[in-house]
Amino acid sequence: MNESSWQEWAITITTFLPIVGALVILLVPKEKDKMIRGLGVVIMALAFICAAVIAFQFDYGRSGELQFVQNAKWIPVIGARYHVGIDGISMPLFVLTYLLGLLCAIYTYRYVPQPGRTKAFVALTLLLITGMAGTFIAFDLILFFVFWELVLVPMYFLIGVWGSANRQYASIKFFLYTLFGSVFMLLGFLALYFNGPVDPVTGAHTFDLQAITAFGAGGGYAHTFQLVVFGAIALGFAVKVPMWPFHTWLPDAHTEAPTIGSVLLAGIMLKMGTYGFVRIALPAMPEGAVAYAPWIGALAAVAIVYAALACLAQKDLKRLIAFSSVGHMGFVMLGIATLTTIGIQAAIFGMVAHGVITGMLFFCVGSIYDRYHTREIASIGGGMSELMPKMAGIFAFVAIASLGLPGLAGFWGEIMALLGSFSPNTAVGLNVGMYRTFMVIGGIGTILTAGYFLWMLQRVNQGEAPATWKEHHFRDILAVEWVSWVPLLALTLVLGLIPSLILDTTATGVDRIVQIVTG
């Protein structure tokens with residue numbers, strides 16, 4: 001395949017390689033458990049290599065432009081096209097999807113719930129990767145919606161079949177919540193289609209995102225129309241984020257999901273909602289974005305403090321980490337609500353940092369549960385530093401990164417979101433006093449966040465281990481855990497020290513969105 005052919009097919013090959021691998025795995029006899037897990041690792045390694053090659057060949061001098069584009073007829077009768085590509089905004093999330101997918105596959109090589117069902121577990125995980133990655137490269141609204149809905153089925157079964165005691169309740173709640181939001185989102189997409197740009201030659205409407213964005217940016221959609229449609233689409237995205245008060249499905253889903261499901265749910269799936277705001281809602285309906293921005297900021301501020309207080313009340317270690325995601329995504333939404341370059345930059349950086357750090361936290365909690373067979377903080381009883389010093393050290397490192405310690409990845413997204421709130425986009429009429437109030441509330445949230453993470457570490461790591469646990473002679477970190485975790489630990493440090501790796505990549509694309517919103 002020559003270079004031009006690779007450029008054209010790179011995104012498609014990378015996106016669909018996991019689902020092709022899933023089909024191959026389905027042909028393997030279920031008794032060959034080790035082969036199935038090995039195939040999962042090989043397939044995800046190949047997909048990650050493809051994603052890495054795209055990242056290395058990407059022209060960062062043109063990061064605001066769509067690259068590796070493939071645009072072909074798909075469903076001509078409704079004007080839907082197979083239009084995929086990647087730019088500086090989607091690149092970090094696309095690569096992160098395959099990195100976490102590979103690390104989960106490696107982790108699965110040892111930790112597979114219900115080993116007799118390994119084939120279905122690995123195949124569903126690969127299907128999930130394709131769905132999540134596809135949302136970041138789809139530039140046709142119907143194609144975007146197909147990928148968006150594709151993730152529902154595998155995640156539903158991962159929770160419902162391989163989850164904990166209340167898995168049925170959690171999986172149904174997850175499915176119904178997200179499906180409810182998707183209905184409103186689809187209605188919004190149809191409204192953009194029927195009221196959007198028309199091809200001057202054929203007279204047909206289009207679902208092409210670039211055409212719809214240009215039409216919306218040029219004032220093609222009426223103000224009242226934008227208010228209604230932005231609200232519908234934002235509702236679909238808000239459920240996926242999830243924004244308060246649409247968050248209640250998340251703690252249950254995280255708590256009951258297997259470790260791999262929690263890592264991918266926190267690391268990638270939640271970002272689909274925030275990415276949708278940045279990619280679709282803001283540039284296509286700028287007047288709607290301006291009208292809803294204060295409300296989004298207010299809900300984000302509430303989420304930050306609410307989640308921190310909820311974390312302080314948790315007794316289950318995994319549920320505590322789950323509620324922390326609500327707060328961290330609150331900072332992401334607060335950044336978006338400022339409608340400023342620094343705020344939206346903070347949001348995208350926060351998405352990546354949260355994916356790395358919280359994904360790592362769920363890995364840690366999964367391995368802690370594998371040793372103790374409980375997630376109850378009181379039952380663990382402290383003393384993990386005595387029993388498993390390396391595990392305790394890594395758990396402390398990641399928790400401190402999550403609370404926003406300077407020099408680690410969790411710091412930049414939060415501090416930049418607060419800075420964006422101090423100086424929101426006044427050119428579109430955002431109230432400075434209101435946003436500075438949000439900033440103060442967010443600052444209180446950071447203090448509470450430090451409080452619950454330090455409280456958690458004190459209850460789990462510190463003190464003397466109960467005599468019952470001393471008798472178990474727990475093994476510290478295993479080789480497969482080191483291999484799965486080291487890349488995330490390194491990224492936590494590297495992104496904290498060199499945030500420009502993400503910020504320089506997304507800068508041009510974010511500037512264009514802010515220019516569209518500002519008019």
Side-chain angles (χ1 to χ4, degrees), residues 11 64-67 69-90 134-149 181-238 240 272-293 336 339 344 428 508-519:
I11 293 290
E65 301 175 19
L66 205 58
Q67 301 177 40
V69 178
Q70 189 171 19
N71 192 351
K73 289 183 179 180
W74 181 34
I75 312 176
V77 69
I78 60 172
R81 299 181 63 83
Y82 179 75
H83 185 187
V84 296
I86 197 164
D87 66 358
I89 292 175
S90 51
T135 59
F136 301 129
I137 51 89
F139 282 82
D140 179 275
L141 292 182
I142 292 297
L143 184 63
F144 178 92
F145 185 77
V146 169
F147 282 124
W148 179 278
E149 292 298 287
S182 297
V183 170
F184 285 93
M185 185 180 73
L186 180 59
L187 291 174
F189 286 173
L190 292 174
L192 292 177
Y193 170 78
F194 286 112
N195 293 274
V198 176
D199 188 301
V201 177
T202 64
H205 292 281
T206 180
F207 283 105
D208 186 81
L209 181 55
Q210 287 184 307
I212 287 173
T213 298
F215 185 78
Y221 295 115
H223 180 75
T224 303
F225 175 87
Q226 291 195 39
L227 293 180
V228 174
V229 176
F230 186 97
I233 292 177
L235 179 59
F237 294 151
K240 187 77 83 177
M272 291 164 56
T274 47
Y275 173 82
F277 274 102
V278 174
R279 174 65 72 197
I280 299 173
L282 266 60
M285 294 163 287
E287 294 179 28
V290 171
Y292 279 93
I336 292 173
L339 303 182
I344 299 176
V428 297
T508 305
V510 170
D511 283 339
R512 290 185 177 179
I513 292 173
V514 174
Q515 289 170 8
I516 290 172
V517 173
T518 305

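Every heavy atom of this structure was used, including side-chain atoms; hydrogens, water molecules and symmetry mates were not.
Considering CD1 of Ile11 and CD1 of Ile86, their distance stands at 4.5 Å, rounded to 0.5 Å. Annotation: the span from Phe237 atom CZ to Phe184 atom CZ amounts to 14.5 Å, rounded to 0.5 Å. To the nearest 0.5 Å, atom CD1 of residue Ile280 and atom CE of residue Met185 are 7.0 Å apart. Atoms NE2 and CZ, on His83 and Phe144 in that order, are 14.5 Å from each other to the nearest 0.5 Å. Taken to the nearest 0.5 Å, the CD1 atom of Ile142 stands 12.0 Å off from the CG atom of Leu209. Atom OG1 of Thr508 sits about 9.0 Å away from atom CD of Glu65, to the nearest 0.5 Å.
One side chain, Asp87 or Ser90, offers a donor N or O that lies under 3.5 Å from an acceptor on the other.
When all heavy atoms of Ile516 and Ala217 are compared, the pair lying nearest together is CG2-CB, 3.5 Å. Minimum heavy-atom separation, Thr135 to Tyr275: O-CE2, 3.4 Å. When all heavy atoms of Ala138 and Phe147 are compared, the pair lying nearest together is CB-CD1, 4.1 Å. Heavy atoms only, all atoms of each residue included: Asn71 and Arg81 are closest at OD1-NE, 2.7 Å. In terms of heavy-atom proximity, Leu186 sits nearest to Phe145 at CB-CE1, 3.7 Å. Here the closest non-hydrogen pair linking Phe194 and His205 is O-CE1, 3.3 Å.
The shortest side-chain heavy-atom distance between Leu192 and Met285 falls under the 4.5 Å cut-off. The shortest distance between side-chain heavy atoms of Val290 and Val517 falls below 4.5 Å. Put simply, the side chain of Ser182 does not reach to within 4.5 Å of the side chain of Lys240, judged on heavy atoms. Side-chain contact between Leu339 and Val514 is absent, with no heavy-atom pair separated by less than 4.5 Å.
A donor-acceptor pair is defined here as one N or O able to donate and one able to accept, closer than 3.5 Å; no such pair exists between the side chain of Asp140 and the backbone of Ala80.
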TODO: Could you go through the side chain to side chain contact (heavy atoms under 4.5 Å, CB included) check for Phe139 and Arg279 one step at a time?
DONE: CA-CA 9 Å; Phe139 282 82; Arg279 174 65 72 197; 3.7 Å; yes

Task: Steps toward side chain to side chain contact (heavy atoms under 4.5 Å, CB included) verdict (Ile344, Leu282) - done: CA-CA 11 Å; Ile344 299 176; Leu282 266 60; 3.8 Å; yes

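Ring geometry for Tyr221 against Phe215 counts as perpendicular: the plane angle is over 60°, on a 0 to 90° scale with 30° as the lower cut. A parallel orientation is assigned to the rings of Tyr193 and Phe207, their planes being inclined by less than 30° (bins at 30° and 60°).
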